J.: 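This is the structure I want to talk about, given as structure tokens.
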Amino acid sequence: MTRREIRDSAFKLVFEQLLRDDDIQELYDIAEEIDEITVNDEVKKLVEGTIEHREKLDSIISSYSKSRSIARISKLNLAILRIALYEAIYDENTPVNAAISEAIKLSMTYTYQEDTSFINGVLGAFSRDHAGEEKADA
């Protein structure tokens, strides 16, 4: 599985969890049952890390989203932003610029043009403010 495929599967699971508020293990089981979303250890690590750090990630999103509160950000955009920020902050193997670039690609696939601009703005502002910082411990 490529890193992009891992990220895409993780995005779908994080988004689904936002919609359903089900236990993540139940979502893994459903995904494996219908065989449309790949669930492996790498996908689980990304999903679970994103969910575990949700409050901190949302705080960061709130501080960089000047036009929308967390409650007003679409669940698609929120899932993309959370995953990108999780990777940028906690994944030692993903450079910040790569996390942003991949978030933009996800956004271009699953959201509207104005959403892509919003996501790029939030992540770009975060990147400028945190250039050169060390990754956080997961």
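Bear in mind that the values here come from a model prediction, so they are computed numbers and not experimental data.
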J.: Would you call Asp8-Lys12 a salt bridge at under 4.0 Å N-O?
T.: yes
J.: Any heavy-atom pair between the side chains of Phe118 and Leu81 that's under 4.5 Å?
T.: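 Sidechains of Phe118 and Leu81: in contact.
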J.: Working note: Leu18 + Arg82, criterion side chain to side chain contact (heavy atoms under 4.5 Å, CB included); need CA distance, chi angles, decisive distance, verdict.
T.: CA-CA 11 Å; Leu18 279 165; Arg82 283 179 177 169; 3.2 Å; yes
J.: If every non-hydrogen atom of Arg68 is compared with every non-hydrogen atom of Glu114, which pair is closest and at what distance?
T.: NH2-O, 4.5 Å
J.: Is the shortest heavy-atom distance from the side chain of Ile83 to the side chain of Phe15 under 4.5 Å?
T.: no
J.: If you round to the nearest 0.5 Å, how far is NZ of Lys75 from CD of Gln17?
T.: 10.5 Å
J.: Can you name the closest pair of heavy atoms from Leu57 and Tyr86 and give their distance?
T.: CD2-N, 3.7 Å
J.: Which pair of heavy atoms, one from Asp115 and one from Ser107, lies closest together, and at what distance?
T.: C-OG, 3.9 Å
J.: Between Val96 and His130, is any pair of side-chain heavy atoms under 4.5 Å apart?
T.: no
J.: Measuring only between side-chain heavy atoms, which start at C-beta, is Ile60 closer than 4.5 Å to Ile89?
T.: yes
J.: With hydrophobic residues grouped by side-chain heavy-atom distances under 4.5 Å, do Leu123 and Tyr112 end up in a single group?
T.: no
J.: Arg3: which residues meet the side-chain hydrogen bond (donor to acceptor under 3.5 Å, both in side chains) condition with it, sequence neighbours left out?
T.: Glu87, Asp91
J.: Show the numbers, then the answer: is there a side chain to side chain contact (heavy atoms under 4.5 Å, CB included) between Leu106 and Arg7?
T.: CA-CA 9 Å; Leu106 274 174; Arg7 193 175 286 108; 4.0 Å; yes
J.: Counting only heavy atoms not in Met1, do more than 12 fall under 6.0 Å of its CE?
T.: yes
J.: Are any side-chain N or O atoms of Glu26 and backbone N or O atoms of Asp23, one a donor and one an acceptor, separated by less than 3.5 Å?
T.: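 No, the answer is negative, given that no donor and acceptor are paired below the 3.5 Å cut-off.
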J.: Is the shortest heavy-atom distance from the side chain of Ile24 to the side chain of Ile51 under 4.5 Å?
T.: yes
J.: Classify the angle between the aromatic ring planes of His53 and Tyr90 as parallel (below 30°), tilted (30 to 60°) or perpendicular (above 60°).
T.: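 Parallel.
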J.: Could you tabulate the donor-acceptor pairs under 3.5 Å formed by side-chain atoms of residues 30-49, not counting sequence neighbours?
T.:
from	atom 1	to	atom 2	distance (Å)
Asn40	OD1	Glu42	N	3.0
Asn40	OD1	Val43	N	2.9
Glu48	OE2	Tyr28	OH	2.9

J.: So for atom CD, which belongs to Glu55, do other residues, nucleotides or ligands contribute more than 12 heavy atoms lying within a distance under 6.0 Å?
T.: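 Not more than 12 within 6.0 Å, no.
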J.: List the steps and the verdict of side chain to side chain contact (heavy atoms under 4.5 Å, CB included) for Leu78 and Asp58.
T.: CA-CA 8 Å; Leu78 194 55; Asp58 286 356; 3.8 Å; yes
J.: Can you name the nearest heavy-atom pair linking Ala84 to Ala103, along with the distance?
T.: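 Heavy atoms only, the tightest pair is CB-CB, 3.6 Å.
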J.: What's the separation between atom OG in Ser67 and atom CD1 in Ile73, rounded to the nearest 0.5 Å?
T.: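 Spacing of OG (Ser67) from CD1 (Ile73) equals 8.0 Å.
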J.: In Å, rounded to the nearest 0.5 Å, how long is the span from CG of Leu76 to OG1 of Thr109?
T.: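 Going from CG on Leu76 over to OG1 on Thr109, the span is 11.5 Å.
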